[in-house]
Amino acid sequence: MLPSPLRGLIFNVGLGFTAALLLMLAVIGLGVTQMAQLNAELERVVSVNNVKTRLASQMRDALRDRAVIMHNIVVSIDPWEKDALFLRFQRYGEQYAKDRGQLAAMLATPEEKRLMAELDAITFANQPVMFAVVEAALDENNYGALTQLQREAIPLQNRLVEALDNMTNLQRKANEVALGKTFDAYQATRTLMLVLGIFATLLATLVAVLVSRRMLTQTRQLETERQKYRTLFETNSDAVVILDDHGFTDCNPATLSMFGIDSVADFVNTPIPRLGTPMQANGVSASDHARQTIATARSTGHAVMDWQGRRADGTTFFAEIALHAMQLEGRPVIQAIMRDVSERRAAEAAKEAAREAALQMARAKSEFVANVSHEIRTPMHGILGMSSLLLKTPLDGRQREYVSTLKSSAESLLKIINDILDFSKIEAGKLAIEAVAFSPVALMQGVVALFQARALEKNLQLTLALHESPPPALLGDPTRIRQILLNLVDNAIKFTDRDHVELSGSFETLGDEVACRFSVTDSGIGMSAETQAGLFQAFSQADSSTTRRYGGTGLGLAISSQLAALMGGELTVESAPGRGSRFTLSVRLPTTDLPLAELPAPSSVELQGRILVVEDHPVNQKVLAHQLRAMGLQYTLAASGREALERLGSADFDLVLMDWQMPEMDGLEATRRIRQLPGRAGRTPVVALTANASVGFREACLAAGANDYLSKPYTEAALVALLMQWLPAPASATAEVKGSLLDRAALDARYPGNPELVGELERLFIATTKTSLATLKQAIAARNQAACRKEAHALKGAAASVMAVAVQDAAARIEACVQNADFGGAAAELAVLEALVAAYALTPAL
């Protein structure tokens, strides 16, 4: 038996050992339990977060691929390719929805749920826009689809990608928090073990072995934890690099794969500048760029940089790098997480290239439209000119109907050409809005008067409703406002088969401005909400049957809407199927005291002079020859610029009408040569005649030395006005007119022995003709087709009864012009007739 002190010592040692052992066991058990819990929680968080990150990345990739396919659908012109792309577009949408469902089921934190709600809200807003873009592209409305893609779909797509990036960043931060917790637990456990070891040594040397064994066991556990941390580090899909003050200390396999390096040792020994291009995209060297960003991360805790990387084989790529300052094993380090974004940058570059291609296509389209317009307007000038001349010749009823139909069809074709040219100018931003004084009431009256006959043909009531006190004058562009109203009234009559069409105007004074509302209301077929949604888009009509039934380019309302916008106003529509439609042009215009822009008063001055016609087209030569001959002018034809110079060198001319595009020597060069001629020939006025109606062409003609410019096809009234401006007026033209107005001999033979009756008929005819001419002048200025036809027809009958053949023929020509809505031609014919009657009235009766 051991002595009592020894037993006490053993007891005390045993007691101390037991206490130490129990203490060690308790603390170690608690530490192991905590480490196990932290390890399990870390493993669960990281595993779940990795799945969430993968799902979010897949959703972002699906969005990116879907956006690329949607853009390809918009720019593609092959319907089969569009269908194939649309199927792929749907598959990516299904994949996105599937990934979204899995991700939503895994979300737990309020921040994650908030981000998912934000993502769902953006998706809900984006989905109809994307399908609208695709649907427009599948319907061949590439311009509208591209516009909606740029204005709505791309911004919403970017917001979706940003929301998904936020979701990915949230998971990355969660991983970092989990890693931080593990690291802190590791530090706390190691400290605890060291304290326990010292405490156990002080208690008893005998427990050293047990303590050593326990420490060994704990170390193994810590190694296991470290191995798990290492596994997470190495299996991360992003490249992760650890660096300290001296350079790289570690990297994961994704880093080696990204840079094409075989081992961690090779990577650690690689200088930072060799991992990137010598000069980065921001214009800074690789070493300076890296040094500045690392310094920012150390001072602020984090930093982000774009890096143009270089692999071991010399190939380059674009990467985004996020740097975070952290503590690793008690020392400060920088953790850099890198991601290869070359594919995303390539997609962005492809998107930009597609946008540039679309812009180039738009420019090419504008040039094509201008060229085609020029080529069509030249023969159209010949068709309109010859048909107008033919209508002035003796024709039977069927022949006049055929020629009138020909002229009407040509004018309709010219309207389509002008619509396309207007649309091209608006699209190119080259259509200017004027600011002149005009009467809104006169403008509306003219529009209604123009369509009265057409409305009567369809048994429609076309009415004008005016505000109680409309402004006498406004400052704006009456031509474009009239163009819009003509298009609206034309459409209203076209799509209305019964009841009425009304043009109304209301005007509200707001200081120095007037809020104008021009409305066209009809009782026609009406439109659905879906139809109204695309009504003001180019080349758009209610459905494909509309073009077949009613005709048109589908540009009228698009042009009208854009013209309204150019004037600072808007064009709106209210309609329902079967209940008619109301189109309203709203625009604010200032009041003005300037004189109103009106039609020039017809002149009674007769033309005289000798004209050199330089024209290579045979039809245009014949048209001009007939027109000039009818005006009593002398002319000489030249088929080229070279021949024109020869003619000017051998004879004097009062005016040169110069076609601008000719073989051998064009009008531009010929005009320059004329200006180099000596004496009067070099000062001869030159007027350019061309089918080129593009913006700036008039200035080019004037810069070459031309005095004026007239665009083909032009009306006879426009030609008369131009000739009156540049040709000298005769001193008197009355001496030969007396016998051409009334056939006195025929009247005397009809009423033999009654000269008093013949004289009375003559005086009465002169008086009533002056009244008729005044009425015609007002009706033509107001573009009142019905009144013009009625008065011209009455004048023609009165002239026939007194053998006034010249007046009878002139009235017939006016009636024909009005019948075809050619008010400019009617005004020109009226001017000639006024001169004839005025000259006869000034001559004393025989």
Side-chain angles (χ1 to χ4, degrees), residues 147 151 418-419 422-423 425-451 462-492 501-522 527 532-538 540 555-575 580-599 695 781-783:
T147 301
R151 291 181 179 176
N418 289 335
D419 277 353
D422 276 351
F423 181 76
K425 289 180 180 179
I426 293 173
E427 198 174 46
K430 295 182 178 179
L431 192 144
I433 297 298
E434 294 182 339
V436 297
F438 72 98
S439 167
V441 174
L443 186 148
M444 297 174 68
Q445 289 173 340
V447 170
V448 171
L450 181 62
F451 285 101
L462 176 59
T463 58
L464 174 62
L466 288 173
H467 188 269
E468 292 182 358
S469 56
L474 295 174
L475 192 63
D477 193 332
T479 301
R480 295 306 177 182
I481 295 176
R482 181 174 181 272
Q483 180 179 350
I484 295 172
L485 297 184
L486 287 175
N487 183 69
L488 297 181
V489 176
D490 180 58
N491 283 346
V501 173
E502 180 185 83
L503 171 61
S504 62
S506 64
F507 308 93
E508 180 183 359
T509 302
L510 303 173
D512 294 334
E513 289 187 330
V514 176
C516 307
R517 287 175 57 87
F518 302 95
S519 297
V520 176
T521 306
D522 63 66
M527 293 170 288
Q532 295 176 49
L535 192 62
F536 299 121
Q537 297 177 3
S540 173
L555 284 175
L557 288 176
I559 293 173
S560 297
S561 179
Q562 294 179 27
L563 288 175
L566 287 175
M567 292 186 291
E570 65 174 345
L571 185 62
T572 57
V573 61
E574 303 170 54
S575 184
S581 305
R582 175 185 289 115
F583 286 84
T584 301
L585 168 63
S586 302
V587 62
R588 294 180 63 164
L589 300 174
T591 57
T592 181
D593 296 328
L594 295 174
L596 299 179
E598 298 177 352
L599 292 174
V695 175
R783 306 181 73 85

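- In this structure, the side chain to side chain donor-acceptor pair (under 3.5 Å) partners of E513, at least two apart in sequence or on a different chain, are R588.
- Scanning both residues, F438 and G476, for their nearest heavy atoms gives CE2-N, 3.7 Å.
- Looking at residues two or more places apart in sequence or on another chain, you find no side chain to side chain donor-acceptor pair (under 3.5 Å) involving S561.
- Separation of atoms CG (N487) and CG (D490) is listed at 6.5 Å; rounding is to 0.5 Å.
- Atom CD in E570 sits 5.5 Å away from atom OG in S586 (nearest 0.5 Å).
- Residues S560 and I484 come closest through the heavy atom pair O-CD1, 3.7 Å.
- Under the ring pair (Phe, Tyr, Trp, His ring centres under 6.0 Å) criterion, F583 pairs with no residue, sequence neighbours left out.
- Applying the side chain to side chain contact (heavy atoms under 4.5 Å, CB included) rule to A473 yields the partners T592, L596; only residues at least two apart in sequence or on another chain are considered.
- Of all heavy-atom pairs between S575 and G580, the closest is OG-O, 3.0 Å.
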Going through the checks in order, is the side-chain contact (heavy atoms from CB on, under 4.5 Å) test met by E502 and V520?
-> CA-CA 6 Å; E502 180 185 83; V520 176; over 6 Å; no
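- Residues S439 and P472 are not in side-chain contact: their nearest non-hydrogen atoms beyond the backbone lie 4.5 Å or more apart.
- Applying the side chain to side chain donor-acceptor pair (under 3.5 Å) test to R482 and every residue at least two apart in sequence or in another chain returns nothing.
- Judged by distance alone, with hydrogens and angles left aside, the side-chain atoms of S519 form no donor-acceptor pair with the main-chain N or O of T584 at under 3.5 Å.
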Give the intermediate values and the outcome of side-chain contact (heavy atoms from CB on, under 4.5 Å) for residues N491 and L557.
-> CA-CA 9 Å; N491 283 346; L557 288 176; 3.8 Å; yes
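- Considering all non-hydrogen atoms of both residues, L474 and C516 come closest at CD1-SG, 3.5 Å.
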Dump the intermediate steps for side-chain contact (heavy atoms from CB on, under 4.5 Å) on V514 and E508, then the final yes or no.
-> CA-CA 5 Å; V514 176; E508 180 183 359; 5.9 Å; no
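- Looking at heavy atoms from C-beta onward, T479 lies out of side-chain contact with V436 at the 4.5 angstrom threshold.
- Under a 3.5 Å cut-off, the side chain of D522 and the backbone N or O of A492 do not form any donor-acceptor pair.
- Side-chain contact check for T521 versus S581: every heavy-atom pair is 4.5 Å or farther apart.
- Listed by chain and residue number, nothing satisfies the side chain to side chain donor-acceptor pair (under 3.5 Å) test with S504 (two or more places apart in sequence, or in another chain).
- Using a 4.5 Å heavy-atom cutoff, the side chains of L585 and T572 are not in contact.
- Between the CD1 atom in I481 and the CG atom in L589 there is a gap of 5.0 Å [rounded to 0.5 Å].
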Walk me through it: do L594 and L475 pass the test side-chain contact (heavy atoms from CB on, under 4.5 Å)?
-> CA-CA 8 Å; L594 295 174; L475 192 63; 4.1 Å; yes
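- Between I559 atom CD1 and L566 atom CG the span is 11.5 Å, to the nearest 0.5 Å.
- By the side chain to side chain contact (heavy atoms under 4.5 Å, CB included) test, T147 pairs with Y143, R151, sequence neighbours left out.
- When the side chain to side chain contact (heavy atoms under 4.5 Å, CB included) test is applied to L464, the partners found at least two apart in sequence or on another chain are M444, Q445, V448, L466, L503.
- In this view, E574 and R582 satisfy the side chain to side chain contact (heavy atoms under 4.5 Å, CB included) rule, not counting sequence neighbours.
- Taking all atoms of both residues into account, the shortest heavy-atom contact from V587 to F518 is CG1-CE1, 4.3 Å.
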